[in-house]
Visitor: 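Mind looking over this structure? Questions follow.
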Amino acid sequence: FLWPGGVLQAEMEKPAGEPFTVEELDRKGSSCPTLFAWTGDRYEFVSDLLGVGGIGFLERPWKYVNPDPTEYLKLDPIRIRPRQGDYHLSVVGQLEEVVYLDAVRLVAVDHPDGTEIYPDERFSTGPEKPAEKIHRVRERFFPAAAWEEDRLDVWERILHRDRIYPDGFELLSFAGYAAPHSLTLSFLSLPAAERWVLYMYGWVDYEYSSSTLAAHQAGIELAPPALEINDPATGNSRTYRSIGFPAGMPKMMTFEIPDPLPAGPVQLKLSTNMRIYYDQIFLAPAREEIPVRITRVPAGGARLRFLGSPREFSPDGLLPLLYDYQLATGGFPWKRMAGAFTRFGEVTELLDSADDRFVIMGHGEEVLLTFPAGRFPALPPGWKRSFLFFADGFCKDMDPNTAFPDSVEPLPFHAMSAYPYPSGEKFPDSSEHRRYRKEYNTRRVNVP
């Protein structure tokens, strides 16, 4: 069955000759590629990535989201281990989508014991995109109280990363949409600091092009999170619109507050109609004086192959579902785009730099990456190392209202002003790009 919302569903093991009722599955057909890392005895799920690089996604009728193809993902809380001299990671095309992967790096950020680091990352819906910046944390300040809609106490839910989230808001019938709701955080006795960064670890249950269109037709527009800061001592407040949100499955987002916070008590209020689930929230003063040493290492090897779709599971019965790399199946009922995909095999040179020579992969396919452990320097005494995975690329889903949902082409490129790109813009046609397409993109898929 292919439902109007684009969900493909197969019903197996039904008795022959007897009628049965088919109910539409409520499942994600598309999202983003997923990242797995070798931790010593197995590949473990990290999170998804490149959600900010989605192309053709409907923001409102006749207007599409402007993609941001770069992302730094902290390998947290898992600990990667080298195997036979290399760190091993895997990027998997998990769902009904095509992935255009252009460049990767494994980044080591060394910093003193007793400190933490986070990349400046979020799904930005405003004009300012995340910066190439490392936030440094020494002391964290948690709310003294937290509540939803001025009534429901959710303080304990945002203190620890335990997959228990404030979720008292009403879900609308449009995927990804909720009734307008707010989360208020009360902080006591903040010290004076020149700048503060708000850290929010969580995930978002994305809307889709079709649900965005349906919501628009019902007179509902998406309201990305806004941050209101209130000073109880003076009664003054200020609001920052569209501060962004976690880009997909659980990860840390950061928002550097543009203006100083008042010393002493302060209240922060987050308001949206999106389905966003915050697991941990804290404030920390910006500490750029903390030294860091950054080492960026390109892939020593990259191989594209078919893996299958890692099975979904929940370790505790809660959402979001995670993925088990060791249990990959090739029989999932996904649709497939038509077009020229990258042939299987060695693809290392395609991931050296962001040059619009993509590894083009579909669902159930992976790029196995190795990074030489010997390229990273020894740690100074009293320091520790945090790893980031850097990816540059795009992805496109198969929602019926996404632009060009059934075909790999037209290919995106970094200099495009929009996707779909306007007349007069086209994918690079240099001799190097023609060679790339002729040599690598030879695995043609034809869909009847």
Side-chain angles (χ1 to χ4, degrees), residues 116 118-128 130-131 133 135-162 164-169 178-204 222-247 250-287:
E116 300 175 75
Y118 295 96
D120 187 51
E121 280 295 346
R122 63 197 170 276
F123 195 124
S124 177
T125 54
E128 292 188 5
K133 183 175 184 177
H135 292 292
R136 305 111 191 259
V137 176
R138 177 171 286 122
E139 57 277 275
R140 300 185 294 174
F141 293 85
F142 289 91
W147 56 91
E148 283 187 308
E149 294 303 302
D150 300 326
R151 61 182 183 275
L152 182 62
D153 182 2
V154 294
W155 177 65
E156 292 186 349
R157 293 182 173 227
I158 51 87
L159 293 181
H160 309 286
R161 298 191 200 178
D162 54 9
I164 300 176
Y165 318 91
D167 58 359
F169 45 85
H181 56 99
S182 63
L183 175 63
T184 303
L185 312 166
S186 178
F187 293 85
L188 300 178
S189 301
L190 289 179
E194 183 176 342
R195 287 180 296 113
W196 288 87
V197 180
L198 180 62
Y199 295 84
M200 295 183 284
Y201 183 87
W203 63 286
V204 60
L222 199 69
L227 173 65
E228 179 183 339
I229 299 178
N230 297 294
D231 183 350
T234 64
N236 296 330
S237 68
R238 57 183 182 268
T239 300
Y240 304 99
R241 304 291 179 186
S242 301
I243 66 169
F245 50 88
K251 54 177 66 75
M252 183 70 81
M253 69 155 282
T254 60
F255 177 71
E256 186 169 336
I257 299 173
D259 303 296
L261 290 178
V266 64
Q267 284 187 354
L268 276 58
K269 185 175 183 179
L270 297 160
S271 301
T272 185
N273 67 350
M274 298 179 65
R275 300 181 187 181
I276 302 176
Y277 301 88
Y278 299 110
D279 199 5
Q280 185 185 63
I281 303 177
F282 61 87
L283 282 168
R287 295 296 189 198

Visitor: Under the side-chain contact (heavy atoms from CB on, under 4.5 Å) test, which residues partner Ser189, sequence neighbours left out?
Guide: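 None.
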
Visitor: The criterion is ring pair (Phe, Tyr, Trp, His ring centres under 6.0 Å); which residues satisfy it with Tyr278, sequence neighbours excluded?
Guide: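 Scan of Tyr278 (ring pair (Phe, Tyr, Trp, His ring centres under 6.0 Å), adjacent residues dropped) gives none.
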
Visitor: Of all residues at least two apart in sequence or in a different chain, which pass the side-chain contact (heavy atoms from CB on, under 4.5 Å) check with Glu148?
Guide: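 Partners of Glu148 under the side-chain contact (heavy atoms from CB on, under 4.5 Å) test: Leu152, Val154, Pro166, Phe169, Leu183.
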
Visitor: Could I get the full list of side-chain contact (heavy atoms from CB on, under 4.5 Å) partners for Glu139, not counting sequence neighbours?
Guide: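 Once residues adjacent in sequence are excluded, the partners of Glu139 under the side-chain contact (heavy atoms from CB on, under 4.5 Å) criterion are Phe141, Pro285, Arg287.
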
Visitor: Output all residues satisfying side-chain hydrogen bond (donor to acceptor under 3.5 Å, both in side chains) with His181, sequence neighbours left out; order by chain, then residue number.
Guide: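 So His181 forms no side-chain hydrogen bond (donor to acceptor under 3.5 Å, both in side chains) with any residue.
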
Visitor: Which pairs with one or both residues in residues 253-264 pass salt bridge (Lys or Arg N to Asp or Glu O under 4.0 Å), sequence neighbours excluded?
Guide: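 Passing the test, one end in residues 253-264: Lys133-Glu256, Arg195-Glu256, Arg238-Asp259.
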
Visitor: State, to 0.1 Å, how close Thr272 and Met274 come at their nearest heavy-atom pair, and which atoms those are.
Guide: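 That closest heavy-atom pairing would be OG1-N, 3.1 Å.
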
Visitor: If you compare all heavy atoms of Pro250 against all heavy atoms of Tyr201, which two are closest, and at what distance to 0.1 Å?
Guide: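 That would be CB-OH, 3.6 Å.
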
Visitor: What pairs with Asp279 under salt bridge (Lys or Arg N to Asp or Glu O under 4.0 Å), at least two apart in sequence or on another chain?
Guide: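 Residues passing salt bridge (Lys or Arg N to Asp or Glu O under 4.0 Å) with Asp279: none at all.
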
Visitor: Of all residues at least two apart in sequence or in a different chain, which pass the side-chain hydrogen bond (donor to acceptor under 3.5 Å, both in side chains) check with Thr239?
Guide: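 Listed in chain order: nothing, the list is empty.
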
Visitor: What are the two closest non-hydrogen atoms of Pro143 and Leu159, and how far apart are they?
Guide: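 Smallest heavy-atom distance, with atoms named: O-CD2, 4.4 Å.
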
Visitor: Phe142: which residues meet the ring pair (Phe, Tyr, Trp, His ring centres under 6.0 Å) condition with it, sequence neighbours left out?
Guide: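 So Phe142 forms a ring pair (Phe, Tyr, Trp, His ring centres under 6.0 Å) with Phe282.
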
Visitor: Taking only residues two or more places apart in sequence, or in another chain, which ones meet Arg138 in a side-chain contact (heavy atoms from CB on, under 4.5 Å)?
Guide: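 Applying side-chain contact (heavy atoms from CB on, under 4.5 Å) to Arg138 gives Thr115, Glu289, Ile290.
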
Visitor: Which residues pass the side-chain hydrogen bond (donor to acceptor under 3.5 Å, both in side chains) test with Asp153, sequence neighbours left out?
Guide: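 Scan of Asp153 (side-chain hydrogen bond (donor to acceptor under 3.5 Å, both in side chains), adjacent residues dropped) gives none.
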
Visitor: Might you point out which heavy atoms bring Pro225 and Ile276 nearest each other, and give the distance in Å?
Guide: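 Scanning both residues completely, I find the closest heavy atoms to be CG-CD1, 3.3 Å.
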
Visitor: Which residues pass the side-chain hydrogen bond (donor to acceptor under 3.5 Å, both in side chains) test with Asp167, sequence neighbours left out?
Guide: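 Scan of Asp167 (side-chain hydrogen bond (donor to acceptor under 3.5 Å, both in side chains), adjacent residues dropped) gives Arg157.
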
Visitor: May I ask you to decide if the ring planes of Tyr199 and Tyr118 are parallel, tilted or perpendicular, using 30° and 60° as cut-offs?
Guide: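 Taking Tyr118 first and then Tyr199, their aromatic rings sit tilted (interplane angle of 30° to 60°).
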
